[in-house]
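Position 1 is the first residue of the sequence, and the numbers go up from there. Since we're looking at a predicted model, the values are computed, not measured.
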Amino acid sequence: MTVRVRFAPSPTGMFHVGGARSALQNWLYAKQHDGVFVLRIEDTDAARNRPEWTEGILSALDWIGIERGSYEGPYYQSSYAQDHIAAATRLYGEGKAYYCDCKREDVIARTGNQHTGYDGFCRDRGLGPGEGRALRFRTPDEGETVVEDLVRGKPTFENKLIEDFVIARSDGSPLFLLANVVDDMTMGITHVIRAEEHLPNTPKQQMLWEALGHTPPVWAHVPVIVNEKRQKLSKRRDKVALESYRDEGYLAAAMKNYLMLLGWAPSGDREIVPWEVIEDEYRLEEVNHASAFFDIKKLRAFNGDYIRALSVEEFIQLCTPWLSGTDTIAAPPWAPSAFDADVFTAVAPLAQTRIAVLSEIVEYVDFFFLDEPAFDEASWAKAMKEGAAEILDATVTAFEALDEWATEPLKGALEAVGLARELKLGKTQAPVRVAVTGRSVGLPLFESIEVLGRERTLARLRAARAKLAA
């Protein structure tokens, strides 16, 4: 048997990080078993689907290494509508489904309990299709449905507790449960790997597989992803869009590594591992049952480690979108003509050791390419206190006297300014850093001043002194 897995997102919004994890898990399982990865776009919600969301899915998959042309599809669920209708008609014709005109209030009135599921009232009424009549699947009254699950073992469901569920609306359009099953059958899916939130639907879908004469797939329900409050990640509440992480400057390799750790760990006392190690070691059978915490701080730290592991040349290349802007990344604050590639190449190694996401590169280097630094008000207020004017005056004098404009002479000159005032270097350089760069935190000061140059550095020190005097 050839393993065939599928990833079936809906194009109704940005691409969820949980969806990215599911895609990677399916992709990896297919690779490990010389199988096939199928992409199916579940686009039957016409009111919410938009073409750009579909392109967003394809683009996001490209980014995490599941590239167009390397998988089967994409197929579109809407193309299989007639198959869904045919399956519903067959189930009705074989007596495995029946029409029901009950409204929710009718069920509550009969049972006296608003929490009770459907009571099977229309099972033997012999209703045919018609306005206001939904098609329900006839579930067994006795026995159990056992789900063979690679992650969770053998979850067992009592059939008597599973209500006769709706598989098609009164207008004949099938619901997700049936459409999903029929598509999986049509596409020959052998393994369904998805989040545990779908587990309650699994016995129903397994019944449909069997009722339609097919052997159910192998199931695997991986833990749901939650936030720091142990709540399931929500598009409305949490930062979940993969595209936003990409555009903020997270590396695909770091994101892939981190997502695969949500519910699983590689051997040894390690977390940051090459993708080849994950391919070799990952086993669905070893995935934890507990919910997986999506820790953005940890992801950020991961990403910083991945950035520092790049060669300088790779780092420079990867920073390019933030240094120029793209369709989805804002242009930097400097004019395109002001950017100097040689200057950036000189300071890139200094920045690489300090940033955690690539978008931070802009605030670290903007002062090189702006006519005037963009002053951070809090930094200015903290640094430009009593004595700052005197330090700036003395620094201008000391820097003007330098024969060599280089890191060590610059540092020595400022140390002398501080020593004359019984100040440590940290206190002495605070107003100088803000005057030159606009911020109190950034690249190493003296290396930056060397690259910025004598004329521009002195001009900024004088401008800051004038601003203090104003």
Item to complete: Answer with yes or no whether the side chains of D183 and Y75 bring together a donor and an acceptor at under 3.5 Å.
Response: no
Discussion item. Check whether R465 reaches the backbone of V396 with its side chain - one donor and one acceptor, N or O, closer than 3.5 Å.
Written reply: no
Worksheet item: Is a side-chain N or O of R300 found less than 3.5 angstrom from the main chain of A356, in a donor-acceptor match?
Response: no
Fill in: Minimum side-chain heavy-atom gap T345-V312 below 4.5 Å
no
Worksheet, complete the sentence: In this structure, OG of S291 is separated from CG of N227 (nearest 0.5 Å) by 10.5 Å
Worksheet item: How long is the span from the CG atom in L261 to the CG atom in D295, to the nearest 0.5 Å?
Response: 12.0 Å
Item to complete: May I ask you to check whether over 12 heavy atoms, not counting those of E52, lie within 6.0 Å of atom CD?
Response: yes
Worksheet item: Would you say D340's side chain and F369's backbone share a donor-acceptor pair under 3.5 angstrom?
Response: no
Item to complete: Could you verify whether a donor N or O on one side chain and an acceptor N or O on the other, from Q205 and N201, lie under 3.5 Å apart?
Response: no
Worksheet item: Do you know the tightest heavy-atom contact between L61 and F7?
Response: CD2-CE2, 4.3 Å
Item to complete: Starting at CD of E314, measure out to CD1 of I307 and round the result to the nearest 0.5 Å.
Response: 12.0 Å
Worksheet item: Under 3.5 Å, is there a donor-acceptor pair between the E67 and S70 side chains?
Response: no
Worksheet item: Quick check: are there more than 12 heavy atoms from other residues, nucleotides or ligands sitting under 6.0 Å from CD of E228?
Response: no
Item to complete: Say whether, by atom type as modelled, one donor and one acceptor occur between the side chain of H33 and the main chain of G35 under 3.5 angstrom.
Response: no
Practice prompt. Could you grab the distance from atom CG of D305 to atom CD of E271, nearest 0.5 Å is fine?
Written response: 10.5 Å
Item to complete: Take the angle between the ring planes of H191 and Y29 and call it parallel below 30°, perpendicular above 60°, tilted in between.
Response: tilted
Fill in: Student check: side-chain heavy atoms of W334 and F339 closer than 4.5 Å
yes
Item to complete: Let me see the working for R439 and D366 under salt bridge (Lys or Arg N to Asp or Glu O under 4.0 Å), right down to the final yes or no.
Response: CA-CA 11 Å; R439 298 180 179 88; D366 61 356; 3.1 Å; yes
Discussion item. Between S59 and R246, do the side chains contain a donor N or O and an acceptor N or O under 3.5 Å apart?
Written reply: yes
Fill in: Worked verdict on T397 versus E400 for side-chain hydrogen bond (donor to acceptor under 3.5 Å, both in side chains)
CA-CA 5 Å; T397 300; E400 284 178 329; 4.9 Å; no
Worksheet item: Just wondering, do R6 and L39 contact through their side chains at under 4.5 Å, heavy atoms?
Response: no
Practice prompt. Quick one: do N303 and V357 satisfy side-chain contact (heavy atoms from CB on, under 4.5 Å)? Show the steps, please.
Written response: CA-CA 7 Å; N303 202 66; V357 293; 3.9 Å; yes
Discussion item. Between E276 and K31 (salt bridge meaning N to carboxylate O under 4.0 Å), is one present in this structure?
Written reply: no
Worksheet item: Given the side-chain rings of W405 and F399, with only the six-membered ring counted for Trp, is the space between their centroids under 6.0 Å?
Response: yes
Worksheet item: Run the side-chain contact (heavy atoms from CB on, under 4.5 Å) check on F294 and V226 step by step: do they pass?
Response: CA-CA 6 Å; F294 190 84; V226 298; over 6 Å; no
Practice prompt. Give the minimum heavy-atom separation between C319 and F344, together with the two atoms involved.
Written response: CB-CZ, 4.0 Å
Practice prompt. To the nearest 0.5 Å, tell me how far R194 CZ sits from H221 NE2.
Written response: 4.0 Å
Worksheet item: Without hydrogens or angle criteria, can the side chains of Y282 and Q25 be said to hold a donor-acceptor pair below 3.5 Å?
Response: yes
Response to the item:
Tightest non-hydrogen contact, residues P223 and A290, listed as CB-O, 2.9 Å
Item to complete: Return yes when atom CD of E372 has more than 12 non-hydrogen atoms of other residues, nucleotides or ligands closer than 6.0 Å, and no otherwise.
Response: no
Worksheet item: Does one side chain, of Q32 or D280, offer a donor that lies under 3.5 Å from an acceptor on the other?
Response: no
Worksheet item: Are any non-hydrogen side-chain atoms of V365 and V347 less than 4.5 angstrom apart?
Response: yes
Worksheet item: Should R354 and E360 count as an ion pair when the cut-off is N to O under 4.0 Å?
Response: no
Worksheet item: Does a donor on one side chain sit under 3.5 Å from an acceptor on the other, for T44 and Q77?
Response: yes
Worksheet item: Can you tell me if S173 uses its side chain to pair, donor with acceptor, with the backbone of R169 under 3.5 Å?
Response: no
Discussion item. Restricting to non-hydrogen atoms, name the atom on L212 and the atom on V181 that form the minimum distance, rounded to 0.1 Å.
Written reply: CD1-CG1, 4.5 Å
Discussion item. Donor-acceptor check, side chain of D238 to backbone of S234, threshold 3.5 angstrom: yes or no?
Written reply: yes
Worksheet item: Between R460 (side chain) and V436 (backbone), is there a donor-acceptor pair under 3.5 Å?
Response: yes
Worksheet entry | side-chain contact (heavy atoms from CB on, under 4.5 Å) between T202 and F157, worked out | CA-CA 10 Å; T202 305; F157 301 84; 5.7 Å; no
Worksheet item: If you measure only the distance, is there a donor-acceptor pair under 3.5 Å linking the side chains of W219 and Q206?
Response: yes
Worksheet item: Does K204 reach the side chain of I162, with side-chain heavy atoms less than 4.5 Å apart?
Response: yes
Worksheet entry | K154 with D149: basic N within carboxylate O range, under 4.0 Å | no
Worksheet item: Cut-off 3.5 Å, side chains only: do E281 and S267 have a donor facing an acceptor?
Response: yes
Practice prompt. Report yes or no: is the cationic atom of K467 (NZ for Lys, CZ for Arg) under 6.0 Å from the centre of the six-membered ring of W380, at an angle within 45° of the ring normal?
Written response: yes
Item to complete: For M255 and F302, run side-chain contact (heavy atoms from CB on, under 4.5 Å): C-alpha distance rounded to whole Å, both residues' side-chain angles, the deciding distance at 0.1 Å, then the answer.
Response: CA-CA 8 Å; M255 179 62 75; F302 256 58; over 6 Å; no
Worksheet item: Tell me, do S10 and D43 make a side-chain contact under 4.5 Å, heavy atoms counted?
Response: no
Fill in: Check: T407/E450 side-chain N/O donor and acceptor closer than 3.5 Å
yes
Worksheet item: According to the interplanar angle, ranging from 0 to 90°, do the rings of F37 and Y71 count as parallel (below 30°), tilted (30 to 60°) or perpendicular (above 60°)?
Response: perpendicular
Fill in: Beyond-backbone contact of W322 with P332, side-chain heavy atoms, under 4.5 angstrom
no
Discussion item. Looking at every non-hydrogen atom in both residues, tell me the closest pair between M1 and T190 and how far apart they are.
Written reply: SD-CG2, 3.8 Å
Practice prompt. Compare every heavy atom of F367 with every heavy atom of P373, then report the nearest pair and how far apart it is.
Written response: CB-CB, 4.5 Å
Worksheet item: Side chains of P74 and L58: does their closest heavy-atom pair fall under 4.5 Å?
Response: yes
Worksheet item: Cationic tip of K298 within the cone over Y258's six-membered ring, i.e. under 6.0 Å and within 45° of the normal?
Response: no
Worksheet item: Atom CG in L461, atom CG in L392: separation rounded to 0.5 Å?
Response: 6.0 Å
Item to complete: Take atom NZ of K239 as the centre, draw a 6.0 Å sphere, and report whether it contains more than 12 heavy atoms from other residues, nucleotides or ligands.
Response: yes
Item to complete: Please indicate whether K427 has more than 12 foreign heavy atoms, meaning atoms of other residues, nucleotides or ligands, lying under 6.0 Å from its NZ.
Response: no
Only pairs under 3.5 Å count here: list side-chain donor-acceptor contacts from residues 418-426, not counting sequence neighbours, and write none if there are none.
residue	atom	partner	partner atom	Å
R421	NE	E390	OE2	3.1
R421	NH1	V417	O	3.0

Item to complete: Could you tell me whether the side chain of R454 and the main chain of E404 form a donor-acceptor pair under 3.5 Å?
Response: no
Worksheet item: With no hydrogens and no angle check, do the side chains of R433 and T428 hold a donor and an acceptor under 3.5 Å apart?
Response: no
